[in-house]
Amino acid sequence: MGSSQDGIDRIDGTDWKDEYSMLTKADMTATILANAEVAPEHYLMKLAVSGAFRDAQPGQFVMLRPVGRGFPFLGRPLGIYSLAENGSGARIEILYRAAGRGTKVISTLCEGDRIEILGPLGNRFELKPGMKTAVLVAGGIGIAPLVFLAERLSAKATPEGPKMILYIGARDSANLLGIDRMKSFGAEVRVSTDDGSAGYEGPVTDLFREDLLSFNASKTEVFVCGPNPMLKRMGAIIADHPIRCQVLMEERMACGMGACLGCTIEVRTPTGVEYRQVCTDGPVFDLREIIWR
Amino acid sequence: MALLKPRTEVKIGSLVLKNPVMTASGTFGYGEEYAPYIDLNRLGAVVVKGISLEPRRGNPPPRIMETPGGMLNAIGLQNVGVKAFIGDKLPWLRQFDTKIIVNIFGETLEEYGKVAAALSGVDGIHALEVNISCPNVQKGGHVFGCDPDASHGVTKIVKSATDLPVIVKLSPNVSDITEIARSCEAAGADALSLINTLLGMSIDIERRIPHLRNVTGGLSGPVVKPVAVRMVWNTVRAVSIPVIGIGGIMESDDALEFLIAGAKAVQVGTANFVNPKATMEIVEGIESYLVRHGIGDVNELIGSLRTE
């Protein structure tokens with residue numbers, strides 16, 4: 001056939017971010033190196049991916065979809081947990097909760113299986129040069145993208161900082177994940193559980209609120225990810241405080257790349273209430289902008 | 001023996017496409033989103049996100065929900081408006097060697113005419129596609145596309161406002177799509193495209209609320225394909241203007257069904273969300289099918305269904 005000289009065959013090795021470059025088919029599938037249950041309903045997937053992922057930054061996500069199955073039909077947006085270079089390609093880890101029917105199917109995939117992957121997608125956490133303290137606040141599986149952030153912060157840290165403090169909350173001790181990694185990156189860790197089976201009994205936002213006044217707002221950045229009720233409480237806690245707080249939002253998506261306009265959230269701007277797309281305007285937003293319903 | 005590349009050019013009235021594969025409105029943004037993944041020069045046409053006279057912010061979230069074999073959406077026709085489209089989006093899109101079809105809609109007859117007029121004579125626009133699945137605010141929100149007279153009226157006003165080829169995009173949410181098709185043809189439509197999404201609904205049983213804030217939404221994806229093929233088959237026999245097939249096309253085999261049923265061209269929609277390279281794979285798949293079947297020109301395939 002006559003089309004093999006054009007288009008998708010000729011573009012191997014180009015950077016996906018070059019304005020007119022295109023991902024190869026190989027870039028869009030990954031090999032599963034491991035996909036193990038690490039806690040009830042929680043899985044850690046390790047993937048061998050193309051070099052296109054080497055530039056992925058904390059806050060970014062991928063769309064994952066099992067190959068050749070009728071369900072799930074749409075990819076699932078999942079945050080990156082860890083990234084390492086691997087020869088000319090990369091290895092990424094995804095820590096996820098098999099909460100819905102789509103992620104449950106993904107959790108049944110095995111070592112050696114192929115999976116469709118799109119990414120890295122979305123914006124990234126903004127890292128201000130003068131940051132002396134990074135405060136990470138995680139609820140449940142919200143820990144996953146914050147571990148990637150800590151991985152990068154620790155790789156770049158100098159004796160002047162940033163110092164990392166993690167506030168992590170979960171239903172119970174079995175659902176506390178990523179703590180060992182966070183400690184290996186040098187983070188101080190404060191724990192809470194809803195049932196008191198580990199650390200403070202109550203919402204993790206209580207722990208954060210107790211310490212809020214001790215932070216130097218001009219040299220501290222807060223990064224938060226978790227379920228919406230927790231994010232809403234965080235928003236209320238920092239409302240009258242000058243501290244900066246970046247939130248990683250989650251929403252149902254069809255494409256992950258700004259085409260379907262399905263992952264809309266409402267934000268407050270100087271001109272009024274506006275819509276933003278989580279996939280391309282986010283997933284990282286200023287927590288103060290978010291309107292909670 | 002070297003195989004000759006089959007001819008894939010198709011004509012939609014006066015509009016000539018290098019191949020029968022277009023993108024469906026609302027699934028391809030204004031093209032930019034897909035530039036990292038595909039070569040837009042290889043598309044028969046790009047149909048951009050529906051444009052209205054004024055910008056629209058769309059519906060409140062949540063707007064989408066996956067369903068078996070597809071998805072529901074209630075985006076609410078979010079778009080930048082005709083002025084920003086011409087000023088900000090079109091200049092970028094114009095650089096590609098493909099046809100640009102602008103999908104338009106309005107809430108009144110007058111609005112349809114004004115959008116069509118605003119896009120006429122603009123360099124780089126090759127045709128208009130009219131979305132008639134929009135509530136008519138003057139007639140109590142009754143959808144234009146569900147009524148033969150209203151469909152006729154919209155087609156006529158757009159035709160009188162522009163010299164561009166006019167494609168009318170039909171809704172499947174009617175009792176007889178051929179009746180609407182004939183009334184659009186009688187009003188001067190140059191072509192028809194079908195189907196738009198099927199109305200549907202999905203419920204969160206734990207919270208007993210609809211999954212979409214809008215309650216109902218439009219169903220798309222592979223689940224709608226047999227319905228769409230049937231409606232295209234019925235419509236091509238009811239009118240003499242070209243018909244463009246849309247509905248659940250995920251790969252070239254799906255596109256070929258529509259062509260064999262009589263569609264002159266196809267639009268690929270929801271597949272773009274799942275596989276951003278879908279259109280390229282479909283272009284190549286159609287070519288290799290033609291080679292495999294010894295068909296030198298795709299037009300020999302169109303409407304070649306055998307029913308005996």
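The structure presented is a predicted model; accordingly, all values stated were derived computationally and were not measured.
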Output the distance between atom [atom1] ([X]) and atom [atom2] ([Y]), rounded to the nearest 0.5 Å.
| X | Y | atom1 | atom2 | answer |
| --- | --- | --- | --- | --- |
| A:L261 | B:N73 | CG | CG | 9.5 Å |
| A:C255 | B:F28 | SG | CZ | 11.5 Å |
| B:I64 | A:L74 | CD1 | CG | 6.5 Å |
| A:M28 | B:Y37 | CE | OH | 7.0 Å |
| A:F73 | B:M71 | CZ | CE | 8.0 Å |
| B:N275 | A:R65 | CG | CZ | 7.0 Å |

Please determine whether a side-chain nitrogen of the Lys or Arg among A:E266 and B:R57 lies less than 4.0 Å from a carboxylate oxygen of the Asp or Glu.
no
What option among B:E66, B:R292, B:K49 has the most heavy-atom pairs under 4.5 Å with chain A?
B:E66
Measure [X] against the heavy atoms of chain B and call it side chain, backbone, both or neither at under 4.5 Å.
| X | result |
| --- | --- |
| A:R252 | both |
| A:M63 | neither |
| A:V278 | neither |

Taking everything shown except [X] itself, do over 12 heavy atoms lie less than 6.0 Å from its [atom1]?
| X | atom1 | answer |
| --- | --- | --- |
| A:R91 | CZ | no |
| A:E250 | CD | no |
| B:R94 | CZ | yes |

For A:C263, does its backbone N or O pair with a side-chain atom of B:R63 as donor and acceptor, under 3.5 Å?
no
Applying a strict 4.5 Å limit to non-hydrogen atoms, the region of B:M65 in contact with chain A is both
Region of B:N59 in contact with chain A, defined by heavy-atom distances below 4.5 Å:
backbone
Which heavy atom of B:P61 sits nearest a heavy atom of A:Y275, and at what distance?
CD-CE2, 4.1 Å
Ignoring hydrogens, what is the shortest heavy-atom contact between B:T27 and A:A259? Give both atom names and the distance.
O-CB, 4.0 Å
Pairwise side-chain contact, B:F273 with A:M257, heavy-atom cut-off 4.5 Å (strictly under):
no
